[in-house]
Trainee: 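Sharing a structure below in structure tokens format, with a few things to ask.
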Amino acid sequence: MYSHPRHTYGKKRKVEVVVISDVHLGTYGCHAQELLAYLKSINPKTVILNGDIVDIWQFSKSYWPAAHMKVVKHLMGLIAKGTKVYYITGNHDEMLRKFVGFKLGSFQVVNKLVMELDGKRAWMFHGDVFDVTMQHSKWLAKLGAQGYDALILINRMVNFFCHKFNREQVYLSRNIKNRVKSAVKFINNFEQTAADIAISNDYDYVVCGHIHHPEMREISNSKGTVTYLNSGDWIENLTSLEYADGSWSLYNFREDLDVLVQEGDEELEPTNIQLFQNLMVEFKLKTA
């Protein structure tokens with residue numbers, strides 16, 4: 001795993017491109033406070049929101065903490081300043097696919113994106129197109145998402161007591177995925193499929209999200225080699241991808257002591273609900 005460059009405390013790091021995916025705003029598992037701290041620590045030219053940023057599948061009117069709205073406001077602030085922001089649609093925010101092609105200033109909604117970076121082409125998309133469960137049994141996928149969210153809640157309760165008794169934190173869902181052979185096989189198949197298609201289309205990089213598994217490695221087949229990158233998520237791993245000075249790096253929030261915020265009780269009462277509901281009405285989206 002490639003580490004990210006350290007930065008001087010108090011100064012924003014300059015990043016040409018940052019790729020963030022699978023934030024799942026509107027769910028209990030989302031680490032919005034940590035994401036906001038990270039976003040405030042960088043000065044990106046381009047922000048790629050690679051799917052599942054807002055979890056419309058599981059959105060509830062009763063849960064929209066202040067930290068979640070602050071992330072939205074920060075991104076809106078970047079757009080207002082002229083920072084290019086691409087929102088690549090995912091499966092949990094698939095309702096936004098009806099707005100593909102929508103542009104507002106430096107903001108654009110797309111299904112996929114091809115960028116040229118220092119003479120090399122990067123193919124970016126969320127990755128749910130490879131998920132057979134998503135394609136053929138959406139109800140099963142949604143049921144699985146609810147179970148995943150419940151597991152995250154249990155994990156937070158466990159870690160609360162671990163913190164109280166000075167024990168190391170545990171990551172239940174990540175450990176389960178890493179130990180179940182079918183899950184490992186799915187991840188390997190996902191990565192190889194993405195790489196094979198990218199190689200056949202002469203891309204230099206293929207950038208995905210969706211599987212909550214941060215990765216950065218070279219993948220080859222009989223026709224060539226491509227750099228496969230996955231930005232991970234902000235539920236378990238708290239990772240992103242950064243492109244600067246001609247190369248990619250994988251950022252890990254938990255390893256960045258300059259940005260780590262003090263743990264505290266996050267406000268759980270619904271805040272800014274009216275503003276969010278107005279946005280939902282504006283885009284004609286249904287809420288749970």
Side-chain angles (χ1 to χ4, degrees), residues 1-2 4 15-24 35 44 46-55 57 85-94 96-97 100 108-117 120-135 141 144-145 148 173-174 177-178 183-221 223-243 247-253:
M1 182 179 292
Y2 291 52
H4 62 89
V15 179
E16 188 172 340
V17 179
V18 60
V19 182
I20 299 166
S21 71
D22 301 275
V23 177
H24 295 273
L35 175 58
T46 302
V47 177
I48 310 295
L49 303 173
N50 198 2
D52 290 359
I53 305 303
V54 178
D55 197 321
W57 272 13
V85 177
Y86 293 94
Y87 196 122
I88 301 176
T89 57
N91 50 304
H92 284 252
D93 46 23
E94 63 182 350
L96 296 178
R97 285 176 177 159
V100 165
Q108 186 173 353
V109 180
V110 297
N111 279 334
K112 58 182 181 295
L113 181 67
V114 176
M115 292 187 69
E116 185 165 319
L117 301 169
K120 295 184 177 181
R121 294 198 305 158
W123 178 38
M124 305 180 184
F125 60 99
H126 182 63
D128 55 298
V129 66
F130 298 149
D131 195 333
V132 175
T133 305
M134 269 299 306
Q135 292 175 358
Y148 178 76
S173 56
R174 188 170 67 188
K177 285 189 293 184
N178 289 341
V184 174
K185 182 179 179 181
F186 169 76
I187 290 173
N188 290 336
N189 289 343
F190 178 97
E191 294 175 347
Q192 189 64 53
T193 300
D196 288 343
I197 297 175
I199 290 171
S200 66
N201 286 277
D202 295 322
Y203 292 116
D204 299 285
Y205 310 111
V206 55
V207 184
C208 305
H210 185 54
I211 58 175
H212 294 208
H213 185 75
E215 186 63 88
M216 182 175 176
R217 65 188 179 97
E218 302 292 317
I219 299 180
S220 301
N221 62 20
K223 297 180 180 179
T225 302
V226 70
T227 300
Y228 167 84
L229 304 110
N230 195 299
S231 48
D233 64 278
W234 286 82
I235 299 291
E236 301 167 87
N237 296 291
L238 280 60
T239 53
S240 68
L241 291 166
E242 297 179 355
Y243 184 83
S247 63
W248 287 97
S249 60
L250 188 56
Y251 173 89
N252 189 320
F253 180 85

Trainee: For the residue pair Ile53 and Ser21, what are the closest heavy atoms and their distance?
Mentor: CD1-CA, 4.2 Å

Trainee: Within the distance-only criterion (no hydrogens, no angle test), does the side chain of Asp22 pair as donor or acceptor with the backbone N or O of His210 below 3.5 angstrom?
Mentor: yes

Trainee: May I have the step-by-step check of side-chain contact (heavy atoms from CB on, under 4.5 Å) for Asn91 and Asp52, ending in yes or no?
Mentor: CA-CA 7 Å; Asn91 50 304; Asp52 290 359; 3.3 Å; yes

Trainee: Do side-chain atoms of Asn237 reach the backbone of Asp233 as a donor and acceptor pair under 3.5 angstrom?
Mentor: no

Trainee: Between atom OG of Ser231 and atom NE2 of His212, what is the distance when rounded to the nearest 0.5 Å?
Mentor: 9.5 Å

Trainee: Could you tell me how the ring of Tyr205 sits relative to the ring of Tyr243: parallel (under 30°), tilted (30 to 60°) or perpendicular (over 60°)?
Mentor: perpendicular

Trainee: Can you tell if the side chain of Leu229 reaches within under 4.5 Å of the side chain of Trp248, non-hydrogen atoms only?
Mentor: yes

Trainee: Would you mind reporting whether Val18 and Tyr251 have side-chain heavy atoms less than 4.5 Å apart?
Mentor: no

Trainee: Examine distances only and state if a side-chain atom of Thr225 and a backbone atom of Ser220 form a donor-acceptor pair shorter than 3.5 Å.
Mentor: no

Trainee: Is there a donor-acceptor contact under 3.5 Å from the side chain of Arg97 to the main chain of Gly90?
Mentor: yes

Trainee: Using 0.5 Å steps for rounding, measure from the OG1 atom of Thr46 to the CE atom of Met115.
Mentor: 4.5 Å

Trainee: So among Asn189, Asp196, Asn188, which one has a side-chain hydrogen bond (donor to acceptor under 3.5 Å, both in side chains) with Gln192?
Mentor: Asp196

Trainee: Using a 3.5 Å distance criterion without hydrogens, assess whether the side chain of Asn111 forms a donor-acceptor pair with backbone atoms of Ile88.
Mentor: no

Trainee: What are the two closest heavy atoms between Val226 and Val206, and how far apart are they?
Mentor: CG2-N, 4.1 Å

Trainee: What is the minimum heavy-atom distance between Arg121 and Asp202, and which atoms define it?
Mentor: NH2-O, 3.6 Å

Trainee: What closest approach, in Å, do Ala194 and Phe125 show between heavy atoms, and which atom pair accounts for it?
Mentor: CB-CZ, 4.3 Å

Trainee: For residues Ile199 and Gly224, report the shortest heavy-atom separation together with the two atoms involved.
Mentor: CD1-O, 3.3 Å

Trainee: Can you check whether Lys223's main-chain N or O pairs, donor with acceptor, with Asn221's side chain at less than 3.5 Å?
Mentor: yes

Trainee: Working to the nearest 0.5 angstrom, can you tell me the gap between Tyr86 OH and Leu113 CG?
Mentor: 6.0 Å

Trainee: Are the side chains of Glu16 and Leu117 in contact, using a 4.5 Å heavy-atom criterion?
Mentor: yes

Trainee: Drop me the distance from Arg217's CZ to Glu191's CD, to the nearest 0.5 angstrom.
Mentor: 4.5 Å

Trainee: Looking only at atom types and distance, does a side-chain atom of Asn50 sit under 3.5 Å from a main-chain N or O of Ile20, one as donor and one as acceptor?
Mentor: no

Trainee: May I ask you to test the Tyr228-Cys208 pair for a side-chain heavy-atom distance under 4.5 Å?
Mentor: yes

Trainee: Main chain of Thr239, side chain of Asn252: is a donor-acceptor contact present, judged purely on distance under 3.5 Å?
Mentor: no

Trainee: Indicate the atoms forming the closest heavy-atom contact of Val47 with Leu49, along with that distance.
Mentor: CG1-CD2, 3.7 Å

Trainee: What distance do Leu250 atom CG and Asn230 atom CG have between them, rounded to the nearest 0.5 Å?
Mentor: 9.0 Å

Trainee: Please round to the nearest 0.5 Å and tell me the distance separating atom NE2 of His92 and atom NE2 of His126.
Mentor: 7.0 Å

